[in-house]
Amino acid sequence: MDAKRRDVAAPLLDWYDRNRRDLPWRAKAGETPDPYRVWLSEVMLQQTTVATVRPRFSAWIARWPTFAALAAADEADVMAAWAGLGYYARARNLMAAARVIAADHGGALPDTEAALRALPGFGDYTAAAVAAIAFGRRAVVVDANVERVVARLFAIPHPLPGGRRAIRAAADTITPDRRAGDFAQAMMDLGSAICTPRRPRCLLCPIAEGCAARALGTPETFPVKKPKAARPHRHGTIFWLERDGAVLLVRRPDKGLLGGMRALPTGPWGDAPPGLAEAPAAADWRMLDDGVSHGFTHFTLDLALAVARTHHAVNIGEWWPVDRLDEAGLPTLFAKAAAVVRRMA
DNA sequence: AAGGCGTGGAT
DNA sequence: TATCCAAGCCT
């Protein structure tokens, strides 16, 4: 028994009208959405929780309230403002898109899914979500919530990520022509509050009646996923070089891990035990007893801390006042390291 | 097309 | 403590 369009969209939208979350980027019922806010929220929310995004979104809007303000912003300020949110390519793409919008689109987002998809940082999901939520276009919006809800509704057996095609095709069959933006947000609210990964609250679900996985009695086993490889450990050294109350910071290369972000200098990362290779200057380095461990998506990094003082000039980076380090916009890994150094010094 | 790319909260 | 997971994108 398939979940047909009329069986899903109507009760889900009724449920949404009664239970929708009040979120800072979400237009209230009857209000016109602000495309800039919709776009910014969608980018911030990529692989990032609502609880994390909520305060960061409000601070961002207060600082850069429009497309024009963001397009004119200093890139280093934008990167620093993104510090701690992770996946820093999002901030670089945000800037790139803001400039394309200013230069080629008259300062406003294009209002079709295809045109949005061509902008930096717009993949299938974000193009569909912005087209539907900001512009009312019918679009098939598939994020991890929708994948889970749809995989359960239809009891789709294909494991992810290969099963995405089947899931998208099924999602297409239940997406309504009208209120596609509300439908997308309803699916996400449902996935967040009811159709949760571990223990779905099927008794509260407005579309449980047509759910094939519930009929099987095993909704929590969907979506099926391929097992993930174990995360390896890598080792390295962070260098804390201090001069006259300032610490040496560098800017990481634009591509790769923590790309474009301010950082403490580091040595090479690998299987080797930590050492002083690639220290930023010759100095009387001292290894601290405590280090920093930081988990990334695909590996765990265990870093030793080497500290030294100098009176000499250094031909890389910038000297940053230690008592204003929280303004430097350091990624969390380096903020952790700074906390350890200052605790042990 | 499979893997690189952050972080913090829940369990 | 370890693992999973999140409103994914890019190459």
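A quick note: this is a predicted structure, and the numbers were derived from the prediction, not measured. A, B, ... follow the sequence lines: proteins, then strands. Residue 1 opens every chain.
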| message | Counting primed atoms plus P, OP1 and OP2 as sugar-phosphate and everything else as base, spell out the protein contacts along nucleotides 5-11 of chain C at 4.0 Å heavy-atom distance: B, S or - for each nucleotide, 5' to 3'. | response | -BBBSS-
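As judged by a 4.0 angstrom heavy-atom cut-off over every strand, L258(A) is placed among residues touching the sugar-phosphate backbone only.
dA2(B) and dA7(C) are spaced 23 Å apart, taking the C1' atom of each and rounding to whole Å.
With contacts defined as side-chain heavy-atom distances shorter than 4.5 Å, the pair L190(A)/Y16(A) does not qualify.
Separation of atoms CG (L70(A)) and CD1 (I101(A)) is listed at 8.5 Å; rounding is to 0.5 Å.
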| query | Going through the checks in order, is the ring-ring contact (aromatic ring centres under 6.0 Å, His included) test met by F296(A) and H298(A)? | reply | CA-CA 6 Å; F296(A) 293 103; H298(A) 50 302; 7.1 Å; no
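Along DNA chain B, the nucleotide closest to F296(A) and the one closest to K226(A) are compared, and the more 5′ of them pairs with K226(A). Nucleotides of DNA chain B nearest to P161(A) and G84(A) differ in position, and the one nearer the 5' end is that of P161(A).
In this structure, F299(A) places its CZ atom 6 Å from P of dC5(B), rounding to the nearest Å. Between the CH2 atom of W82(A) and the P atom of dG6(B) there is a distance of 12 Å, rounded to whole Å. As a whole-Å value, the separation of R90(A) CZ from dG4(B) P is 19 Å. When the P atom of dG6(B) is taken as reference, atom CZ of R262(A) falls 17 Å away, rounded to whole Å. If you measure from atom CG of L301(A) to atom P of dT7(B), you get 11 Å, rounded to the nearest angstrom. The distance from atom CE of M261(A) to atom P of dC5(B) is 15 Å, rounded to the nearest whole Å.
Seen from the ring of F299(A), R234(A) counts as a face-on cation partner, given the 6.0 Å and 45° thresholds.
Between H298(A) and dC5(B) there is a side-chain N or O to OP1 or OP2 distance below 4.0 Å. Between dG6(B) and H294(A), no contact under 4.0 Å exists linking OP1 or OP2 to a side-chain N or O.
At a threshold of 4.0 Å, the pair E75(A)-R99(A) counts as salt-bridged, since one of the basic side-chain nitrogens sits closer than that to a carboxylate oxygen. Residues D17(A) and R179(A) are paired through a salt bridge, judged by an N-O separation under 4.0 Å between the basic side chain and the carboxylate.
Within residues 329-344 of chain A, no residue places a heavy atom under 4.0 Å from DNA chain C.
Results of the side chain to side chain contact (heavy atoms under 4.5 Å, CB included) test with W25(A) over L40(A), V50(A), V38(A) single out V50(A) as the only residue that passes. Of the options M44(A), Q47(A), Q46(A), a side chain to side chain contact (heavy atoms under 4.5 Å, CB included) to Y87(A) is made by Q47(A) and by none of the others.
Contact detail for L109(A) and F122(A): the closest heavy-atom pair is CD2-CZ, 4.1 Å.
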